[in-house]
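The next block holds one structure in the form of structure tokens; read it before the comments.
Each chain gets a letter, A, B and so on, in the order its sequence line appears, and its residues count up from 1.
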Number of protein chains: 2
Amino acid sequence: MAKFTKTDNCKNCIDCNKKIPLFQLLSKAELTELNTSRYEVKFKAGETIFKQGTSATHLLILTSGLAKFYVEGVQEKQLIIRIIKPWEIVGQASLYFDNRHHYSIAALDDCTACFIEIGSFKKMIRQNPSFAEDFITQCTQKGVFSYEKMVSLSQKQMHGRIADGILYLSKKIYESNKFSLHLSRQDIADLTGMSKDSAIRILKEFHHEGIIELDGKNLNVLNVEQLERISETG
Amino acid sequence: MAKFTKTDNCKNCIDCNKKIPLFQLLSKAELTELNTSRYEVKFKAGETIFKQGTSATHLLILTSGLAKFYVEGVQEKQLIIRIIKPWEIVGQASLYFDNRHHYSIAALDDCTACFIEIGSFKKMIRQNPSFAEDFITQCTQKGVFSYEKMVSLSQKQMHGRIADGILYLSKKIYESNKFSLHLSRQDIADLTGMSKDSAIRILKEFHHEGIIELDGKNLNVLNVEQLERISETG
DNA sequence: AATACAAATCGACATTTGTCAACAAAAAAC
DNA sequence: GTTTTTTGTTGACAAATGTCGATTTGTATT
């Protein structure tokens, strides 16, 4: 079980101000108010942070570590929608809907998570229009991202989907061509909607063709352009 | 080309009040203000209402007819995300993002469309917190819908996807077990992420098994429970 | 009614993808 | 350091799905 601990990552919401663009729109008084309702918990790699179907009372912000955001599909299969990085606000989907988590989140790494009570967050939305606007912007961006993901999952063949997955990790998550993966092969399969065996096969193929260099968890993208070409042609 | 016409469907935004829940949160003054920036256009079946990639200056509300909301994927293929009915507000995704349409909308039927200028809509969001909240609710609902769609597209086999498609049309769009389809077989394929030939095959199969009755465009869902079972098992 | 054209249908076949079993490698537990 | 367990890897095969061409049906036009 996760330990309930105060950490040094984020002593106070007023500090978060610097890390989270959305919070820069809040006054010091508002940040102080958010701070009173927040608490922080540490999770070990593999632990579940949010479980699909449970009730949603708090929003989540990671202050360290990485997590996977996934939905539980048919026959125990997971579909990883995206990877969660520090300073991203997670939980919008449940905010005004039915107060249920419609997805699960699990730590890929040792994580520190800050939880913000939904009520106080909603209050900010009501009283601070700029905050509301920025929040809506984030929701709509996620919408566009979803459409692209649907196209990838439903219209591209395995090579295209793996290319999309690698490009996503490289550009959006690790922001580097060379990185040490937090995902297992099964996770990569769940991210790209295929069987683990197929994911391994395509990764190996890319490796042999010199598009990537993959040794265990160490991934090095050698030819971004070709990955992008594969992504576009499907 | 679409004719620019005033119609009787929606003479005034103040009437829309009755049809669109979101608009019930607006004061008469606010509705009047929205009304000044709106205009109405008729589209014939097949015409494009929004084209992916063009700039988004207005939100759309159908006052009559049906339309398909789709993204243009790889190799000219379309992925139909959902069907648009009258009194639903469309265009959120572009509102605060980059003012581009990230999807296309085409009339499936003769349609009457009401266009609301984005600026005046944004003003309502800033000045009316309840309006903003309700709007956010809609965005988050769409998010949850997207996750379910991704699971359907990526984890279910053709039978499950066709079942999902039929259930969606029956429950959400036509709100009846028996209806006259506005979609072509190709559209059904684009909605469920498969080839036209495969869609036809599965539909025929369902027909022969007595799950549905399908004659041309006339669809009658005979066994909802079985469709739901097929949807769940994938 | 005759024609033209698009949509729907179907079977045969090719390709893609998943499954399974066996094994190797790595990590965790002892 | 050894054992156990998990994770990764591979090939052979089976199942799912797409493609193609031929044919039929339906719809619009003359």
Rounded interatomic separation in angstrom, taking CD1 from B:I162 and P from D:dG18:
10 Å

Report, as a single string ordered 5' to 3', how protein heavy atoms within less than 4.0 Å touch nucleotides 17-30 of chain C: B base, S sugar-phosphate only, - not at all.
SBBBB---------

Spell out, as yes or no, whether a donor-acceptor pair under 3.5 Å connects the side chain of B:R100 to the backbone of B:A56.
no

I need the CG-P distance between A:D190 and D:dG8, as an integer number of Å.
11 Å

More than 12 heavy atoms of other residues, nucleotides or ligands under 6.0 Å from NZ of B:K172: yes or no?
no

Determine whether a donor-acceptor pair (N or O, by modelled atom type, separation under 3.5 Å) exists between the side chain of A:S37 and the backbone of A:I116.
no

Relative to the ring of B:F50, is the ring of B:Y103 parallel (under 30°), tilted (30 to 60°) or perpendicular (over 60°)?
tilted

Determine, using ring centers only, whether B:Y174 and B:H182 are less than 6.0 Å apart.
yes

Separation of D:dT6 atom C1' from A:D187 atom CG, nearest Å, is 14 Å

Rounded to the Å, how far apart are B:K204 NZ and D:dT24 P?
15 Å

Measure centre to centre between the rings of B:H58 and B:Y39, then say whether the value is under 6.0 Å.
yes

Give a yes/no answer on whether the side chain of B:K196 brings an N or O atom under 4.0 Å of OP1 or OP2 in C:dA7.
no

In whole Å, I'd like the distance from the CZ atom of B:R185 to the P atom of C:dA6.
19 Å

Distance check needed: D:dA22 P versus B:I200 CD1, whole Å only.
18 Å

